[in-house]
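Remarks on the structure that follows.
Heads up: numbering here begins at 1 and tracks the sequence.
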Amino acid sequence: MAAESISMAGSVSQSDSGAATRSGGPTPLTGKFRLNEIILKWIFGACAAVSVLTTFGIIYVLIADSIPFFTHAGISVADFLLGKAWTPLIADENGKHFYGVLPLVCGTFLVAAGAAIFALPMGLLAAIYMSEYASPRARNVLKPILEILAGVPTVVYGFFALIFITPLLQKMEPFLQRVLNNPEFVVEPFNAMSASIAIAIMTLPLVSSLCEDALHVVPAGLRESAYALGATKMEVSTQIVVPAALSGIAASFILAVSRAVGETMIVAIAAGNTPILTANPFKGIQTMTGYIVQVSLGDVPHGSLEYQTIFAVGLLLFCITVVMNIASIALVKKYQQKYD
């Protein structure tokens, strides 16, 4: 009997061990599998290091090529950032050049602000409809159609703004003259408004998709609790779901504005190349990216002072986008809500 008990106990122990192994317990790795794990680890690490090294390489190039600009031009960083005239390619009657980047910065944010006014509310409303009102079948149809806009090349948006949006705005000149009570008001052939509308159309899928994802992950229990208290669909959507997804919505907004700030081809084609300080969106302006395109495609000699200005402008643009990304991360951490 004792021997049988020991035998039964041993068989039970072996059975439990086999069950633990089959249930996903740790198993020792052989030499071949251990070598494969090490190789994959190094491959994954190398892929992660590429993006980091690329970022540091971009920073190095921008800084290294911006320092000669400030040295040769003989201007301070304050004069560069706060100067109100930007004429590095054309000298005035006294043969003097001005290197104040403020007109380019203002033109950039004028276009980005105009795009945000159109894209952010429309994108959020579209996301609320797809998340809270649309049926699963309608959502599966509408979301891919909306995201098709993200696949259109930006150069197409630029020409669309130039040959369709701008003529449409020019047809509205009589109405705008009456509204503004200014009979001399005109919509210039190259203007910030048409570029803003085109960028808004381009960034609309980005805003709606990210906002819809943020709204979709809000727990269903919050909605059901609100409905149990007698809340309407509108109250649940605007007072429960949207505040709960505020961190994701804010992050998508900042990402969309950052995308608008860095847009190149649309502003280069539709906004013009006139670096002036103006708050009138119907005038021709020039953005930082538009200036970089102008110099890169022009006849400016490589290594000249005029050529080095694009690195100073590019460094400033890089710093602006980094600050916006940091603000996005801070907003997410501040308003993020965790649900069990």
How many angstroms lie between atom [atom1] of [X] and atom [atom2] of [Y], to the nearest 0.5 angstrom?
X      : Y      : atom1 : atom2 : value
Cys106 : Met288 : SG    : CE    : 10.0 Å
Leu317 : Tyr291 : CG    : OH    : 14.0 Å
Ser196 : Leu110 : OG    : CG    : 6.0 Å
Ser208 : Met122 : OG    : CE    : 9.5 Å
Leu146 : Leu204 : CG    : CG    : 5.0 Å
Ile292 : Leu104 : CD1   : CG    : 9.0 Å

Do [X] and [Y] pair up side chain to side chain, a donor and an acceptor below 3.5 Å, judged on atom types alone?
X      : Y      : value
Thr232 : Tyr227 : no
Ser194 : Thr166 : yes
Gln286 : Gln294 : yes

Where do [X] and [Y] come nearest, in terms of heavy atoms and distance?
X      : Y      : answer
Ile285 : Ala192 : CG1-CB, 3.7 Å
Pro275 : Trp86  : CG-O, 3.5 Å
Phe98  : Ala85  : CB-O, 3.4 Å
Tyr157 : Leu149 : OH-O, 2.6 Å
Phe185 : Gln177 : O-NE2, 2.8 Å
Ala115 : Ile199 : CB-CG2, 3.7 Å

Q: For residues Leu215 and Val242, determine if any side-chain heavy atom of one lies less than 4.5 Å from a side-chain heavy atom of the other.
A: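 Touching, per the 4.5 Å side-chain cut-off.
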Report yes or no: does [X] contribute a side-chain atom to a donor-acceptor pair with the main-chain N or O of [Y] at less than 3.5 Å?
X      : Y      : result
Glu132 : Lys233 : no
Asn191 : Glu188 : yes
Thr274 : Gly284 : no
Thr154 : Met265 : no
Ser209 : Leu206 : no
Thr287 : Gly290 : yes
Asn140 : Pro136 : yes
Ser66  : Phe311 : yes
Ser131 : Ala127 : no
Arg223 : Ile240 : no

If hydrophobic clusters are built from ILVMFWY residues whose side chains come within less than 4.5 Å, do [X] and [Y] share one?
X      : Y      : result
Val186 : Val179 : no
Val155 : Val111 : yes
Met202 : Ile117 : no
Leu222 : Met234 : yes
Val61  : Val313 : yes

Q: Dump the intermediate steps for side-chain contact (heavy atoms from CB on, under 4.5 Å) on Ile63 and Ile67, then the final yes or no.
A: CA-CA 6 Å; Ile63 295 177; Ile67 292 176; 4.0 Å; yes
Q) Leu82 and Leu102: side-chain contact (heavy atoms from CB on, under 4.5 Å), yes or no, with the steps? A) CA-CA 6 Å; Leu82 302 178; Leu102 193 59; 5.6 Å; no
Q. Are any of the side-chain nitrogens in Glu212 or Lys143 under 4.0 Å away from the carboxylate oxygens of its partner?
A.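 So Glu212 pairs with Lys143 through a salt bridge.
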**Q.** Carboxylate-amine/guanidinium proximity below 4.0 Å for Lys41 and Glu37
**A.**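 The answer is no: the pair does not qualify as a salt bridge.
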Q: Take Phe159 and Ile269 through the test side-chain contact (heavy atoms from CB on, under 4.5 Å) and record every step on the way to the result.
A: CA-CA 7 Å; Phe159 283 107; Ile269 295 174; 3.8 Å; yes
Q: Check the angle between the aromatic planes of Tyr133 and Tyr129 and answer parallel, tilted or perpendicular using the 30° and 60° thresholds.
A: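 Correct class here is parallel.
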Q) Does a sphere of radius 6.0 Å around NE2 in His216 hold more than 12 heavy atoms from other residues, nucleotides or ligands, not counting ones at 6.0 Å or beyond? A) no
(Q) Using the rule given for ring pair (Phe, Tyr, Trp, His ring centres under 6.0 Å), can you reason through Phe80 versus Phe69, listing the C-alpha separation, both sets of side-chain angles and the distance that settles it, and then say yes or no? (A) CA-CA 11 Å; Phe80 173 72; Phe69 162 73; 5.8 Å; yes
